[in-house]
K.L.:
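Quick one: structure below, then a few questions.
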Amino acid sequence: MISHLMSAVLDNRALIKWWPQWLENIWVLMWAWMGAMTSLLLLSSLVKGLPLKLLLVVGLYTLLYGICLACFLNSLWIPLIPASIGLFLSALSCLLCIQPSSTETSGIDP
């Protein structure tokens with residue numbers, strides 16, 4: 001903390017700001033929602049082929065990382081790790097819950 005304050009004074013740097021807790025919670029929930037919507041898009045017939053699906057997931061995470069990096073370079077701290085966890089866990093849980101079971105796809109009644 002002292003090093004940060006000394007850099008702010010001697011190097012004329014801005015102090016790092018952060019969002020209030022309620023805004024950070026909305027940020028994380030927004031990325032979790034985006035992960036769920038992405039998984040629904042991956043299950044739909046709109047996105048075909050594994051490379052395109054991987055590109056969509058990597059692109060979404062790159063967008064999250066880029067926003068967090070740009071904000072950090074402008075002295076604003078926003079949560080990256082909780083948003084990343086929310087993004088991937090919601091996408092994974094939606095993919096696992098919505099996957100059709102083998103009995104539904106084979107046409108065999110139980």
K.L.:
Under 3.5 Å, sequence neighbours excluded: what are the donor-acceptor pairs made by side chains of residues 56-77?
P.N.:
| unit_1 | atom_1 | unit_2 | atom_2 | d |
| --- | --- | --- | --- | --- |
| Thr62 | OG1 | Val58 | O | 2.7 |
| Asn74 | ND2 | Ala70 | O | 3.0 |

K.L.:
Anything under 3.5 Å between a donor and an acceptor, one on a side chain of residues 30-39, the other on a protein residue two or more places apart or in another chain? List them.
P.N.:
| unit_1 | atom_1 | unit_2 | atom_2 | d |
| --- | --- | --- | --- | --- |
| Thr38 | OG1 | Met34 | O | 2.6 |
| Ser39 | OG | Ala36 | O | 2.7 |

K.L.:
Contact between Leu89 and Ser93 at the side-chain level, heavy atoms closer than 4.5 Å - yes or no?
P.N.:
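Not in contact.
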K.L.:
Please identify each residue that fulfils side-chain contact (heavy atoms from CB on, under 4.5 Å) with Leu15, with sequence neighbours left out.
P.N.:
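With neighbours one apart ignored, the set is His4, Leu5, Ala8.
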K.L.:
Identify every side-chain donor-acceptor pair in residues 16-28 under 3.5 Å, counting partners at least two apart or on other chains, and give the distances.
P.N.:
| unit_1 | atom_1 | unit_2 | atom_2 | d |
| --- | --- | --- | --- | --- |
| Gln21 | NE2 | Asn25 | OD1 | 3.1 |
| Asn25 | ND2 | Gln21 | O | 3.4 |
| Trp27 | NE1 | Pro79 | O | 3.0 |

K.L.:
Apart from Leu10 itself, what residues make up its hydrophobic cluster, given side-chain heavy atom links below 4.5 Å?
P.N.:
Ile2, Met6
